[in-house]
Amino acid sequence: MTNQMTITFPDDWHIHLRDHDALKTTVPHAAQSFKRAIVMPNTTPPIKNRQDAEAYYARIQKHIPEGSDFQPLMTLYLTPDTTADIIEDAKASGIVHAVKLYPAGVTTNSTAGVSSLSNLYPVFEKMAEIGLPLLIHGEASDPEIDIFDRESTFIEQELKPLHTKIPTLKIVLEHITTKDAVEFVLAANNNVGATLTPQHLLFNRNSLLSGGIKPHLYCLPILKRETHRQALIEAATSGNPKFFIGTDSAPHAQSAKESSCGCAGCYSALTAISHYAEAFEHMNALDKLEAFLGHYGADFYGLPRNTEMITLVREDWTPPESYSYLENEHLIPLGAKQVLKWKVK
Ligand code: DOR
Ligand code: ZN
């Protein structure tokens, strides 16, 4: 039995840090677990252009702990007003590594997102030309569509036509939750990849809804049935470089999660590595963990792999019940009160 693993320092290809005072908590947590992180732009207000990204980058920098060389990789938020010039200017900044597409209304802070892709094809053409990836929250925005079908519907209605029309555009289908998404990514060319979260690899909709609603497992896209979870864990542990880490760690105060209208998001910045290790071990695939956490994402983004290492040890530990957050608020981590089997030394 493997009891210790020394692996490449992981990156996180999908994280939410929020802004301003939240950064006091989220940035040190991210820097502890990851060398680099793709920072989502769905702040209030969103990060829409180079100026926004540079200012947000500077605010994040102030909270990187001394001695850490954590690197935030910035993204832009695509709106109906995004132009090819905005994209080119952002890329020239050197700090913007991707553009995020939120279909309008599908999730937290997505109202400024996009209702129709058709007007944005010049923007996508420019991104393909300069090699800037499009990161997609792949859910249909029509509120009439059943919440469990929104990912598969989006793939059919929007994503397949987009990939067919511009096959040179690099696309990351973020936080995939269905067998349909796995199949789409496998069938697409090598410009298409996908991120997988710890919660979608470890939990299904029974975990969320059976025996009482667990608000801290509520995220979007919502957890699906077990057959989908199995397709996801098979993809993650297959050794196919199209599938890589993206925690979607998303802080919401405990009071906003445990509410009559609870927010979507799981906070996993400090527990995700342990969760992934556990998920891979269930599949007898610990030998595939390093590349999933530390190689494939960097390769997809065309960035060098990290050279520093971390060591994981088989050791039971229980994450804190909560972390303090903002003024008098708390963040409940994914895995709170559970015994996790792998610990980062
Ligand atoms: O669960 C989620 N939380 N899904 C998202 O797409 C957004 C995120 C957030 O920003 O809280
Ligand atoms: Zn996200």
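Both counts, for ligands and for their atoms, begin at 1 and track the order of listing. We number each residue from 1, following the sequence as shown.
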Min heavy-atom dist H252 to ligand 1 below 4.0 Å: yes
In terms of ring plane angle, is the pair [X] and [Y] parallel, tilted or perpendicular, where the classes change at 30° and 60°?
{"X": "H275", "Y": "F203", "result": "perpendicular"}
{"X": "F300", "Y": "F244", "result": "tilted"}
{"X": "H200", "Y": "H175", "result": "tilted"}
{"X": "H137", "Y": "Y102", "result": "tilted"}

Sub-3.5 Å N/O-N/O distance, N42 and ligand 1: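 Right, the criterion is met.
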Is the distance from the Zn ion (ligand 2) to the nearest N/O/S atom of [X] under 2.8 Å?
{"X": "H175", "answer": "no"}
{"X": "E174", "answer": "no"}
{"X": "H137", "answer": "no"}

Just which atoms of ligand 1 are under 4.0 Å from any heavy atom in [X]?
{"X": "A250", "value": "3 (N), 8 (C), 9 (C), 11 (O)"}
{"X": "R18", "value": "9 (C), 10 (O), 11 (O)"}
{"X": "D248", "value": "2 (C), 4 (N)"}
{"X": "H137", "value": "6 (O)"}
{"X": "C219", "value": "1 (O)"}

Between [Y] and [X], is there a salt bridge with N-O shorter than 4.0 Å?
{"X": "K91", "Y": "E88", "answer": "no"}
{"X": "R205", "Y": "E226", "answer": "no"}
{"X": "K35", "Y": "D11", "answer": "no"}

Which protein heavy atom lies closest to [atom], and at what distance to 0.1 Å?
{"atom": "atom 7 (C) of ligand 1", "result": "T107 OG1, 3.3 Å"}
{"atom": "atom 3 (N) of ligand 1", "result": "A264 O, 3.0 Å"}
{"atom": "atom 4 (N) of ligand 1", "result": "L220 O, 2.8 Å"}

Side chain to side chain donor-acceptor pair (under 3.5 Å), paired with Q254, selected from K257, H252, E258: E258
Between W13 and E174: side-chain donor-acceptor atoms closer than 3.5 Å: no
Minimum-distance N/O/S atom that H16 presents toward the Zn ion (ligand 2): NE2
Atom name, D248 (N, O or S, nearest to the Zn ion (ligand 2)):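 So the atom name we want here is OD1.
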T79 (side chain) donor-acceptor with D81 (main chain) under 3.5 angstrom: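 Present.
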